[in-house]
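Atoms within a ligand are numbered from 1 in the order they appear, just like the ligands themselves.
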Amino acid sequence: MDFKLTEEHLMIRDAARDFAKTELLPGVIERDEKQEFPKELIKKMGDLGFLGMMASPEYGGGGMDTISYVLAMEELSKIDASASVMVSVNNSLVCWGLDTFGNEEQKKKYLSKLTTGEKLGAFCLSEPEAGSDATSQRTTAIDKGDHYILNGTKNWITNGSSGDYFLVIAQTDKEKKHKGINAFIVEKGWDGFEIGPKEQKLGIRGSDTHSLNFNDVKVPKENRIGEDGFGFKFAMKTLSGGRIGIAAQALGIAAGAYELAKDYSKQRKAFGTEICNHQAIAFKLADMHTQITAARHLVMKAAWDKDQGENYDLSGAMAKLHASKTAMDVTIEAVQVHGGNGYVKEYHVERLMRDAKITQIYEGTSEIQKIVISRSILKD
Ligand code: COS
């Protein structure tokens, strides 16, 4: 067993840390307030390779392992979880899904633009009545020979308006239930594809979340991913990896808040000494550090499982469950350590606390992770 990171891993982590401090930190409060994320910043992330880290180099990807990816996700998330959710969706849901299950033409046409940041991707599974209950898809894709006709609504879609290519899950044959579901690549601007208004959110406010409407959208058959009926498996397999990315995001939010709280506790004085010298604060830091370290081990193990070709459904679900709880617990305590200043935007911890909550909800709620975990441990 070796807990050491390689030189290459450390370089990637440091590059992400540096980018987060120099490019993401300035303006992070303003982006949160205004609910916006400049296109130039997305382009910079693409130019530096953060948008296609694990994808095959022949399609413009970085060809890196999952360990590298989670290290970068942690660093970006310490500063700006809105940026890191874009990175996560594009890398682990869209690029990975296409790289692993797309055909040669789809990879050439779509993946090669998504890995470089020339185009941004979105993953569209959730619906008004199909969030956790993902097999209950109401969006339909009716087979018309050489094309499908897509109708329906998708909800809470990250990169909803900034995205260019959308992986859309839809029901083709209701009789076959989840075996009649397909996944399609849909381009922004196609007739009948409408982007709804931006959601006003509690956290990750820099990232744009929208509902999407599909009204008789014509999707060429060559844009279906995999065999007929593969869509639900596609979504599940892709989300399993996505959960490792979100676990890393949660870890980063927690670690970012912890670092701020630790630094603050060494400067702020009360009762004649720095507050870190009071056990009330020191013990909070001890708990935070312990929880974060446990979360990091779970995240790394899930990433390692994926890199080794092992099944990572269980380890990914455990990593997400624990890291997202850690993000909530630690950010709440980080605000507490900051006292009155914790409630003020300039100190960053209130934003991290708001950002943390979504990690217990998207890409499978904590309750869904417990379904995945319990089914896995009980099956043998
Ligand atoms: N990898 C591959 N296949 C999987 C899978 C996985 N990780 N998880 C489930 N499947 C397959 C099952 O094997 C089954 O296929 P077969 O009938 O061929 O065996 C099929 O998918 C249906 O699985 P299951 O019967 O377990 O479906 P359930 O309706 O019980 O739901 C959960 C399973 C709850 C795990 C699933 O619906 C889920 O993950 N929901 C949350 C979705 C989500 O994350 N939403 C957030 C949207 S993205 S922001």
*Quick one: look up the protein heavy atom nearest atom 22 (C) of ligand 1 and list residue, atom name and how far away it is.*
F232 CE2, 3.6 Å
*What is the nearest protein non-hydrogen atom to atom 11 (C) of ligand 1, stated with its residue, atom name and distance?*
K233 CE, 3.8 Å
*Taking the six-membered ring of Y148 (Phe, Tyr or Trp), confirm whether the NZ or CZ of K221 is under 6.0 Å from its centre and within 45° of its axis.*
yes
*Atoms of ligand 1 less than 4.0 Å from K179 heavy atoms?*
16 (P), 17 (O), 18 (O)
*asked:* Between S56 and Y59 (side chain of the first, backbone of the second, donor and acceptor by atom type, cut-off under 3.5 Å), is there such a pair?
replied: no
*Heavy-atom nearest neighbour in the protein, as seen from atom 47 (C) of ligand 1, with distance rounded to 0.1 Å*: S126 OG, 3.2 Å
*asked:* Among T172, D173, N223, exactly one meets side chain to side chain donor-acceptor pair (under 3.5 Å) together with N182. Which residue is that?
replied: T172
_Residue pairs, two or more places apart or on separate chains, that pass ring-ring contact (aromatic ring centres under 6.0 Å, His included) and touch residues 201-232_ = F101-F230, H178-F232, F193-F214
*Please identify which atoms of ligand 1 are closer than 4.0 Å to at least one heavy atom of D313.*
7 (N)
*Would you mind finding which of Q369, R243, E127, E363 brings a heavy atom closest to atom 39 (O) of ligand 1?*
R243
*If you draw a 6.0 Å radius around CD in Q336, do more than 12 non-hydrogen atoms from other residues or ligands fall strictly inside?*
no
*Which residue holds the protein heavy atom closest to atom 37 (O) of ligand 1, what is that atom called, and what is the gap in Å?*
S132 O, 3.5 Å
_Just checking F3 against H297, ring centres under 6.0 Å apart?_
yes
*Mind checking whether I195 and V94 sit in one hydrophobic cluster, side chains of I, L, V, M, F, W, Y counted as touching below 4.5 Å?*
yes
*Hey, looking at atom 42 (C) of ligand 1, which of G364, G242, G131, A317 has the closest heavy atom?*
G131
*Considering only heavy atoms of L239, which atoms of ligand 1 have at least one such atom less than 4.0 Å away?*
43 (C), 44 (O), 48 (S)
_More than 12 heavy atoms from other groups under 6.0 Å of NZ on K237_ = no
_atom 29 (O) of ligand 1 [closest protein heavy-atom partner, distance rounded to 0.1 Å]_ = T135 CG2, 3.7 Å
*Do me a favour and list the nearest non-hydrogen protein atom to atom 26 (O) of ligand 1 with residue, atom name and distance?*
R375 NH1, 2.7 Å
*Tell me, which protein residue and heavy-atom name are nearest atom 36 (C) of ligand 1, and how many Å apart are they?*
M236 SD, 3.7 Å
*What protein heavy atom sits nearest atom 1 (N) of ligand 1, and how far away is it?*
K237 CG, 3.7 Å
*asked:* Closer than 4.0 Å to some heavy atom of S240 - which atoms of ligand 1 meet that?
replied: 7 (N)
*Verify, without hydrogens or angle tests, whether H338 (side chain) and A334 (backbone) share a donor-acceptor contact under 3.5 angstrom.*
yes
